[in-house]
Amino acid sequence: EPSGGPAPTTLPAGSPADSAVAADGMEQAPEQITATVSVVNPLGLHARPVAALIRALSDRDVEVRIGRPGGPSVDLRSVLRVVALALRGGDVVEITAGGRDAALTTAALTALITGGFGEAERPAGRRPAVGMGVPPARMGNAPAARRPLDGTAPTLKNGSLAASAGAPGLAIGPLVRLDRAPVQITGNGSGSANLDVDGEKSALTIAIDATAGRLAHGNEFEVAHAALLGDPELRSDALRRLDQGGTTAAAAWWSAVGAMADSLAADPDELVAARAVDVREAGTAVLAEFGVVVDRIPLDLAGKVVFADDLGPGEVPVLVERGAVGVVLSRGSATAHAVIVARGLGLPMALRAGDALGTIAPGTPVILDGDTGLLTVDPTPEEADRVTSLISDQAAGEVARRAAAQGSVRLADGREVLVVANIGSLADARAAVSAGADGVGLLRTELLVLDRDTYPDEDAQTDDLQAIFEVLGDRPIVVRVLDAGGDKPVTALALDAEHNGFLGVRGLRYLLAHPDLLQAQLRAICRAGLGHRVSVMAPMVTIAAEVVAFRSAVDRAVQSLVDEGIGHRPPEKVGVMIEVPAAALAADEICAVSDFVSVGSNDLTSYTMAADRTLAGVAELLDPGSTALQRLLDQLCSFALAAGTPVAVCGEIAGMAEFAIGLVDRGVHELSVAPARIPFVKELLRGQRG
Ligand code: PEP
Ligand code: MG
C-alpha cells in the first residue's frame with residue numbers, strides 16, 4: 001500500500017553543492033545526483049511507468065540507475081530489470097543520475113514518480129486526493145481480486161471454480177482454449193541458406209528500431225512495448241544468438257524473446273510475471289517486420305468464452321472483434337495490460353484460474369462472472385437461462401442509460417445544465433460522444449503533447465485538433481491552451497521542476513513568457529475550429545491583467561490568420577480557469593474581462609489547502625468539502641452571477657455525487673466530467689439517483 005512516505009529529496013552524492021563549481025570557479029557538471037523518492041501509485045514501477053521514466057531521459061546527456069536505497073541498482077533503460085525490482089507503492093526508490101543533465105533529469109523523474117503516473121487508486125479508508133485525471137468513476141474501481149492466500153491455484157469443485165475477478169460483467173458460452181505463442185519460428189528472415197551474420201544483425205537492429213519508433217507513437221501500452229524493445233539486454237541476447245551462426249534474424253530474435261518471457265513468467269512476483277506477455281507481444285511486432293505473423297487467435301470466436309494462459313493488450317481487441325464474449329486467464333494479474341484493456345472494452349474477464357479448465361473438453365459451456373471471478377462449468381439449463389436473461393437485461397439497461405444520457409438536462413426551475421466532458425485524447429473524444437456528452441468543457445491540450453520528444457508545430461497541432469473536433473461535430477468545445485508545468489512536465493519543453501513547478505511559471509504564466517508557442521497554438525485552434533463551435537480557455541490565471549494579455553494574444557492570432565488569408569474560425573468565447581485562490585477572491589475583476597469562467601477545483605483545492613495534489617502524505621487535506629473551499633466557491637459564484645458571467649466547473653468535484661447538486665444550486669450552468677461519469681451525473685441532476 002502506498003504510504004505518505006517521505007517527500008522527494010534531492011541529495012547530491014559525494015561532495016554536494018561544491019561539485020557544481022570547481023575550485024577555479026569554472027562551472028562543471030555535477031558528478032552524480034542522488035534522489036530518494038516514494039513511489040505513490042499502488043502498482044509501482046511496472047512496464048508503463050518505467051516507459052514513461054525512460055521517455056523523460058529522451059536525448060538528454062545522462063545515465064540513470066535506479067534501485068532501493070542501499071540495495072543493488074540497475075540501468076533505468078533496462079526496462080525488464082527495473083520491472084524485476086518489483087518496486088511498489090509505498091516503496092522508496094533511489095535514483096542516481098550522472099552526466100550534464102543529471103539535475104534536470106532527476107527532477108523530471110522525481111516529478112513523474114510522485115505524480116503517480118495517472119494511476120489513481122488510493123489505499124482503502126483514505127479520502128481520495130484531488131489528482132489530475134482521477135475520474136471518480138474509476139476510483140476504487142479495481143476489482144477485489146480474490147487471490148488464494150497460499151498462492152495455490154483454485155480447483156474445480158462441484159462444477160465451480162473460484163478464480164479472481166478481472167474485468168466486470170457476466171458471460172456465458174462454450175469454452176475455447178487459445179494456443180500458446182509458438183516456441184520456435186522458422187522465419188525466413190532476410191537471409192538464405194548461407195546466412196550473412198552481419199547482414200542479419202543489421203536487419204534485426206533496423207527491425208527493432210523501426211518497430212519501437214512506430215509503437216512509440218501509439219497508445220500507452222504500445223509506448224510501454226516500445227520501451228521494452230529499447231531494453232539493451234534483450235537486444236544483445238538476440239545479437240549474441242546470431243553471432244553463434246546458423247540462424248535468421250527473426251528466429252534469433254524470437255528465441256531471445258522467448259527466453260526473456262520465460263524467465264519473467266517464472267518470477268514469483270505476479271507483477272513481474274505478468275510482463276512476460278508484454279515481452280512476447282512487443283517481440284511479435286518486430287517479427288512482423290520480417291513478414292512473420294504470429295496470430296494465435298481463431299478467426300471465429302462468436303459467442304465463445306476464451307481460456308488462455310495469458311494475453312497481450314493488443315490481443316484483447318482482436319478477441320472482441322472476433323466475437324469472444326468473455327475471457328478466463330490461467331495466470332494474469334489485475335494489473336496486466338490486457339485486463340485494463342478488457343475493462344475499457346467491457347469484456348468480462350476472470351484471472352488466475354490455474355490449469356483446472358485445461359482438462360475440460362473444448363466446447364463445454366461455462367458461465368463467467370468477471371466481478372467475482374466465479375466460473376461455473378457445464379451449468380444446468382435453468383442456470384444457463386437465468387444468466388442469459390440477466391445478460392440481456394443488463395445489455396438493455398446499458399442501452400437505455402446511454403440513450404437517456406444523450407439528452408440535455410433541464411432542472412425543475414427550467415434552467416438547462418450542460419453535462420460535458422473532460423478529454424485529453426482522440427479516444428476520450430469518442431468516449432465522450434458515446435457517453436452522451438453535451439460537449440467538451442475541458443480539452444487538456446498538454447496531454448496531447450506530454451510525452452512527445454519534439455514539440456509539434458502549428459500544422460501538426462491543427463491536424464491533431466481537427467481529428468478531435470471532427471468526432472465532436474457541432475457540440476460546443478472548450479479548448480484549454482497548454483497547461484505545462486506543475487505535475488505536467490511536457491518532455492519536449494524541458495521544463496525545470498522548480499522554476500516551472502506548482503508555484504512557478506506554469507500554465508498561462510508559461511505561455512505569456514513564450515508568446516510564439518501561444519500564437520502557434522491559438523492559430524492551430526482557430527484553423528481546426530473551422531466548422532465547429534470552439535472556445536478557448538486559459539489555465540492558472542491569477543490576476544485580471546493576465547486575462548487581458550491572453551485576450552490580446554487571441555486577437556493577434558486571429559488577425560494574423562486574416563492577414564495571411566488562412567481559413568479559420570475565431571473562438572466563440574474567451575474564458576479562464578479559476579484554480580488559484582487569488583482569482584477566486586477577485587473573481588469580480590476576472591469576470592469583468594472574461595466571457596466565462598471554469599472552476600478547476602483540483603488545483604483550487606490544492607492551492608487553497610497548501611497541499612501538493614500529487615503527494616499521498618497530504619491527501620487528507622485535499623478535501624473539496626472543506627469550509628475554506630466551499631466559502632471560496634460561494635464567493636466566486638456570487639461574483640460571477642452579479643457580473644452575468646457563466647460559471648462552469650471542470651475539476652473532479654463536478655462529477656462527485658456529494659457536490660454536483662450544490663454547484664448547480666449556486667448557479668453553475670455546466671459540469672465537465674470524465675466521459676465515463678456523464679450518464680451518472682445526468683441521472684443525478686435529473687433526480688434519478690440519491
Ligand atoms: C483543475 O485543476 O481542477 C483542472 C481541471 O485542471 P487540471 O486537473 O488539468 O490541472
Ligand atoms: Mg488545474
Side-chain angles (χ1 to χ4, degrees), residues 111 114-120 128-136 138-139 419-425 428 432 440-450 477-490 495 500-511 535-542 546 575-584 587 590 596-615 619 622-626 629-630 632-633 636 647-656 659-660 663 668 670-675 677 681:
T114 55
F117 305 98
E119 283 171 20
V130 186
M132 180 190 82
V134 187
R138 277 177 43 201
M139 280 176 186
V419 182
V420 292
N422 291 345
I423 65 169
S425 67
D428 283 349
V440 163
L442 170 64
L443 166 53
R444 289 180 164 109
T445 56
E446 62 282 356
L447 299 188
L448 303 175
V449 297
L450 209 54
I477 307 165
V478 176
V479 180
R480 181 173 75 183
V481 291
L482 191 79
D483 184 20
D487 55 350
K488 290 175 275 196
V490 177
L495 303 178
N500 306 114
F502 280 117
L503 296 180
V505 183
R506 177 197 165 187
L508 182 60
R509 300 172 187 178
Y510 185 87
L511 290 174
S535 296
V536 288
M537 175 164 80
M540 265 293 282
V541 167
T542 312
E546 291 170 332
V576 302
M577 306 248 335
I578 305 278
E579 41 190 355
V580 176
I590 302 272
F596 68 93
V597 295
S598 184
V599 182
S601 56
N602 307 344
D603 277 313
L604 188 58
T605 308
S606 172
Y607 289 127
T608 301
M609 308 310 282
D612 185 329
R613 60 195 267 194
T614 65
L615 289 184
L622 293 168
D623 177 11
S626 66
L629 198 82
Q630 293 297 314
L632 268 188
L633 289 172
L636 84 88
V647 186
V649 179
C650 63
E652 296 301 320
I653 189 176
M656 294 184 181
F659 300 118
L663 293 171
V668 166
E670 176 183 293
L671 296 175
S672 194
V673 301
R677 201 71 180 157
V681 173

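Each ligand, and each atom within it, is numbered from 1 in the order the structure gives. On a predicted model such as this, the values are computed, not experimentally measured, just so you know.
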**Message:** Using a 4.0 Å cut-off to any heavy atom of R506, which atoms of ligand 1 qualify?
**Reply:** 10 (O)

**Message:** Nearest 0.5 angstrom please: Y607 OH to N602 CG, how far?
**Reply:** 11.0 Å

**Numbering as shown, the atoms of ligand 1 that approach R444 to under 4.0 Å (heavy-atom distance)** = 4 (C), 5 (C), 6 (O), 7 (P), 8 (O), 9 (O)

**Asked** For ligand 1, which atoms, with element, lie under 4.0 Å from some heavy atom of M577?
**Response** 4 (C), 5 (C), 6 (O)

**Message:** So does L482 get a backbone contact from the side chain of T445, meaning a donor-acceptor N/O pair under 3.5 Å?
**Reply:** yes

**Complete:** R613 heavy atoms within 4.0 Å reach ligand 1 at atoms 2 (O), 7 (P), 8 (O), 10 (O)

**Request:** Drop me the distance from M540's CE to E546's CD, to the nearest 0.5 angstrom.
**Result:** 8.0 Å

**Request:** Go through ligand 1 atom by atom and flag the ones less than 4.0 Å from a non-hydrogen atom of G651.
**Result:** 3 (O), 5 (C)

**Asked** About how many Å separate CG of D483 and CG of L511, when rounded to the nearest 0.5 Å?
**Response** 8.5 Å

**Request:** Output the distance between atom CE (M577) and atom CZ (F596), rounded to the nearest 0.5 Å.
**Result:** 9.5 Å

**Request:** Taking only heavy atoms of K488 into account, list the atoms of ligand 1 that are under 4.0 Å away from them.
**Result:** 7 (P), 9 (O), 10 (O)

**Asked** To the nearest 0.5 Å, what is the distance between CG (L622) and CZ (R613)?
**Response** 9.0 Å

**Item:** Donor-acceptor contact present, side-chain S606 to main-chain A611, <3.5 Å
**Value:** yes

**Message:** Contact between D623 and L629 at the side-chain level, heavy atoms closer than 4.5 Å - yes or no?
**Reply:** no

**Request:** Show which atoms of ligand 1 fall inside a sub-4.0 Å distance from at least one heavy-atom site of E579.
**Result:** 1 (C), 2 (O), 4 (C), 6 (O)

**Message:** Taking 4.0 Å as the limit for heavy-atom contacts, which would you say applies to M540 with ligand 1: side chain only, backbone only, both, or neither?
**Reply:** neither

**Request:** Under 4.0 Å, heavy atoms only, figure out whether ligand 1 is touched by the backbone of L442, its side chain, both or neither.
**Result:** side chain

**Request:** Working to the nearest 0.5 Å, report the span between OG of S672 and CD1 of I423.
**Result:** 9.0 Å

**Complete:** Heavy-atom proximity to atom 10 (O) of ligand 1, picking from D487, V580, D603, points to D603

**Asked** Can D428 and R444 be counted as an ion pair, charged N to O under 4.0 angstrom?
**Response** no

**Request:** Just the protein N/O/S atoms under 2.8 Å from the Mg ion (ligand 2), please, no waters.
**Result:** E579 OE1, D603 OD2

**Prompt:** Quick one: do the T542 and R509 side chains pair a donor with an acceptor below 3.5 Å?
**Reply:** yes

**Asked** Within less than 4.0 angstrom of ligand 1, does E652 place any heavy atom?
**Response** no

